[in-house]
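By convention in this document, chain letters (A, B, ...) are assigned in the order of the sequence lines, proteins followed by strands, and residues within each chain are numbered from 1.
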There are 2 protein chains.
Amino acid sequence: MAKVTLQSIADKVGVSRMTVSNAFSRPDQLSSELRRKILDTAADLGYVGPDPAARALARGRTGSVGMLINGRVGEAFATDGSSDLELLSAVADELSAHGMAVTLLTPQLDEKFFPARDVAIDAAIVYSCNAETSGLAELQQRGIPMVTIDENPRPGIPPVNIDDRGGARAAAQHLVDLGHRRVGILALQDAEKPGAADDLSTMSVEYPESERMAGWREVLDAADAEVVTRLAPLAPRSVAAEVAADLLDQGVTAVLCFSDVFAHGVLTTAAARGLRVPDDVSVVGFDDTELAAALNPPLTTVRQDVAAKGRAAVTTLVARLAGQAPEAVVLPTELVIRRSTTTARPGRQADLP
Amino acid sequence: MAKVTLQSIADKVGVSRMTVSNAFSRPDQLSSELRRKILDTAADLGYVGPDPAARALARGRTGSVGMLINGRVGEAFATDGSSDLELLSAVADELSAHGMAVTLLTPQLDEKFFPARDVAIDAAIVYSCNAETSGLAELQQRGIPMVTIDENPRPGIPPVNIDDRGGARAAAQHLVDLGHRRVGILALQDAEKPGAADDLSTMSVEYPESERMAGWREVLDAADAEVVTRLAPLAPRSVAAEVAADLLDQGVTAVLCFSDVFAHGVLTTAAARGLRVPDDVSVVGFDDTELAAALNPPLTTVRQDVAAKGRAAVTTLVARLAGQAPEAVVLPTELVIRRSTTTARPGRQADLP
DNA sequence: ACGTTCTTCTGTACCGCTACAGTACGGCGA
DNA sequence: TCGCCGTACTGTAGCGGTACAGAAGAACGT
């Protein structure tokens with residue numbers, strides 16, 4: 001069967017193509033009887049609706065929003081687990097409410113195809129990207145409106161972030177209040193520059209990383225606490241476990257972790273060394289992922305609302321699309337106290353070999 | 001500045017628009033000097049490449065593939081955790097290698113916007129959908145080529161599945177070989193029809209669910225084992241824990257679980273009741289997610305390669321797009337024996353109150 | 001009766017690109 | 001010298017819609 005177009009329906013009903021178009025896209029432009037008749041005829045012909053590609057060209061909007069992530073999707077998303085999916089879900093659902101869909105913009109694999117250049121989108125959400133992320137320049141050149149999530153603010157691109165620093169401060173203050181004066185920090189190492197766990201120059205400089213570190217240090221330094229900082233990559237987990245072991249050997253009475261996953265590693269390592277949490281050592285996570293409450297003991301951590309972050313990004317983007325001025329968003333964080341932290345046990349150092 | 005089009009570049013270089021188009025899309029159609037010159041001029045004008053929307057209309061292909069999921073993305077994906085993300089990642093990466101991108105097809109929220117009808121796509125992957133999933137009919141009417149993943153085969157749509165039944169058989173056989181003769185099954189309840197945990201009519205009838213159940217029963221029945229079946233919904237987890245408790249109270253010496261997450265629930269519940277795993281009760285999971293190896297004890301489970309499943313779906317789709325005959329795919333599963341299973345402890349029933 | 005306003009439908013001109021069928025011309029074999 | 005072929009470039013005709021500015025007639029007020 002030949003392809004069904006607006007024209008073929010118009011011919012069959014005996015009206016102009018424009019009227020058929022209106023029947024689908026601007027119901028107020030024609031009488032409801034005629035519209036009914038047109039829609040019925042269209043249904044008879046098996047016509048579902050105006051061709052989205054043609055409509056996109058004519059209207060100048062495609063109805064999709066790109067999601068740019070750094071590295072292969074597998075790498076960007078899979079390492080951190082559930083919260084990325086939660087973010088993506090929130091973005092998809094919220095966009096859907098605004099009549100749009102998300103398209104994943106993978107990095108360029110070959111010369112011929114480059115999603116950031118070749119995929120039809122109206123706007124883009126930039127997530128988990130660093131300065132070298134390929135695609136950003138192309139999006140910018142195409143004049144695609146963007147927002148970033150969890151990123152150092154870039155000129156001209158409204159950022160959506162959480163109060164990483166405030167959350168970190170609250171976590172550190174919590175430990176200080178519990179009397180901890182020798183505190184370990186397990187932070188994130190830049191995947192691109194592996195190095196010794198205590199080589200702080202290899203620390204990831206992305207926004208959440210540096211903000212969290214800043215928050216911790218502000219409070220710990222002000223309290224004159226001793227700080228032992230160690231860096232670990234997200235994967236493989238075995239490395240994080242080793243680094244955690246090293247950290248615990250430094251005689252700290254508490255550990256502030258970059259993420260719940262890291263905290264999990266510390267818990268496991270502590271157990272393997274016969275250290276009780278929180279009696280011997282307190283542990284604080286970050287993010288309050290599902291993992292946090294499920295661990296044993298349940299983790300004291302800093303909560304962020306990942307879904308809200310995704311929704312805020314969409315809201316900001318929609319506002320931009322509507323011509324409103326871009327505005328930075330910072331979502332609150334909240335310290336959630338569970339059972340992995342308690343008062344400092346004095347003289348833990350003395351137990352060490 | 002006015003929008004830069006092929007025509008504006010053509011005018012500036014002094015060639016026809018067609019030649020500029022060829023410079024970008026069919027390099028073999030013009031001399032390389034001219035191409036160089038055109039590309040340079042285009043770069044000067046800030047032209048990134050042909051407009052994807054216009055190209056889509058002219059070529060008749062959009063370069064995106066839809067991913068249809070049931071319910072809001074949040075519901076479909078978030079419940080099961082990591083493996084969905086893994087699947088999506090694999091699909092995105094593999095599509096990217098074929099010059100395409102994934103677009104998430106969310107369900108219809110209002111009359112005006114319906115992704116399955118209104119989003120420009122060349123093909124679709126149907127995942128985690130049931131018969132009532134909205135959107136399927138629209139895709140079919142649009143004549144969009146599809147594949148399903150983890151679904152009961154539908155006429156005209158090539159399915160990509162794993163050998164759920166074989167994996168379940170292997171798991172059950174493993175228990176039988178270990179001497180278990182009273183085995184619990186913790187299967188998945190249909191989210192749409194809540195009911196008593198032992199009301200088997202509320203069992204989910206989707207493909208993986210029914211296949212796994214069939215595999216378990218085949219082997220257990222053949223071995224004349226007693227079987228106690230209980231159903232739990234994916235969420236909330238507390239319900240699964242309750243159901244697991246009930247199951248353990250039935251004096252089973254082993255439990256076959258629909259997923260690793262369920263197995264996790266059984267482990268936790270067992271621990272809470274003072275039952276040692278595997279000494280008092282053996283537990284088998286399904287899927288071999290990251291969770292499985294991380295649990296204590298590490299879980300005996302049935303491995304499936306989720307990423308391979310995603311890649312296979314893309315391969316099948318690409319073949320269909322190329323006009324090849326659709327072909328069903330069944331990927332192997334493999335029993336992974338870890339430390340949550342051991343020989344049946346005789347007379348466990350006697351311990352019960 | 002006549003101008004005005006609404007409602008309902010139509011005609012034309014694109015949206016920005018690509019497919020395809022040329023045209024022009026230099027080189028090459030006989 | 002002529003025909004033939006391959007290479008390099010061009011002209012035209014869409015792809016399937018939508019925006020926008022009419023046009024035609026009915027309804028209405030004075």
inquiry  = I need the NZ-P distance between A:Lys37 and C:dT8, as an integer number of Å.
reply    = 16 Å
message = What is the distance, to the nearest angstrom, from the CD1 atom on A:Ile9 to the P atom on C:dT10?
response = 14 Å
ask   = Side chains of B:Gln304 and B:Pro208: closer than 4.5 Å at any heavy-atom pair?
value = no
query = Any donor-acceptor pair under 3.5 Å linking the side chain of B:Asp122 with the backbone of B:Gly63?
reply = yes
task = Using heavy atoms to find the nearest nucleotide of DNA chain D for B:Met18 and B:Ala54 separately, return the residue whose nucleotide is more 5′.
result = B:Met18
note = Numerically ordered, the residues 23-36 of chain A set in heavy-atom contact under 4.0 Å with DNA chain D is A:Ser25, A:Arg26
ask   = Given that A:Gln7 and B:Ser16 both sit by DNA chain D, which one's nearest nucleotide is further toward the 5' end?
value = B:Ser16
request  = Look at A:Thr5 and D:dG16 and indicate whether a side-chain polar atom (N or O) is within less than 4.0 Å of OP1 or OP2.
outcome  = no
ask   = Are the side chain of A:Asn161 and the backbone N or O of A:Glu151 linked by a donor-acceptor pair below 3.5 Å?
value = yes
query = To the nearest Å, how far apart are A:Asn22 CG and D:dC20 C1'?
reply = 11 Å
message = Would you say B:Tyr47 places a side-chain N or O within less than 4.0 Å of OP1 or OP2 belonging to C:dC17?
response = yes
message = Heavy atoms only, 4.0 Å cut-off, all strands: where does B:Thr19 land among base, sugar-phosphate and nothing?
response = base
message = Nearest whole Å is fine: how far is D:dT18 C1' from A:Leu57 CG?
response = 10 Å
task = Quick one: pull up OG1 in B:Thr148 and CZ in B:Arg154 and give me the separation to the nearest 0.5 Å.
result = 7.0 Å
ask   = In whole Å, what is the span from the CD1 atom of B:Ile38 to the P atom of C:dC17?
value = 14 Å
query = Is A:Glu94 close to A:Val318 at the side-chain level, that is, under 4.5 Å between some pair of heavy atoms?
reply = no
ask   = In whole angstroms, how far is the P atom of C:dC14 from the CZ atom of A:Arg17?
value = 14 Å
Distance in angstrom units between B:Lys3 NZ and C:dC15 P, rounded = 8 Å
inquiry  = Keeping A:Ser96 on the side-chain end and A:Ala92 on the backbone end, is there a donor-acceptor pair under 3.5 Å?
reply    = no
task = Please state whether the base of C:dG16 and the side chain of B:Arg55 form at least one donor-acceptor pair under 3.5 Å?
result = no
key: Approximate separation, where rounding is to 0.5 Å, of A:Glu327 CD and A:Thr315 OG1   = 11.5 Å
Positive for side chain to side chain contact (heavy atoms under 4.5 Å, CB included) with A:Leu45, one of A:Ile9, A:Thr5, A:Asp40 = A:Ile9
task = Select one nucleotide: of C:dT10, D:dG17, C:dT18, the one nearest the side-chain heavy atoms of A:Ala58.
result = D:dG17
ask   = Counting N and O atoms only, with roles assigned by atom type, does the side chain of B:Asp110 sit under 3.5 Å from a partner on the main chain of B:Phe113, one being a donor and the other an acceptor?
value = yes
ask   = To the nearest 10 degrees, what angle separates the axes at the start and end of the helix from C:dA1-D:dT30 to C:dA30-D:dT1, five pairs each?
value = 40°
query = Which of these nucleotides, C:dT18, D:dT18, C:dG16, is closest to any side-chain atom of B:Asp51?
reply = C:dG16
query = To the nearest angstrom, how far is A:Asp11 atom CG from C:dC9 atom P?
reply = 17 Å
inquiry  = Taking the side chain as everything from C-beta on, heavy atoms only, tell me whether B:Ile157 gets closer than 4.5 Å to B:Val126.
reply    = no
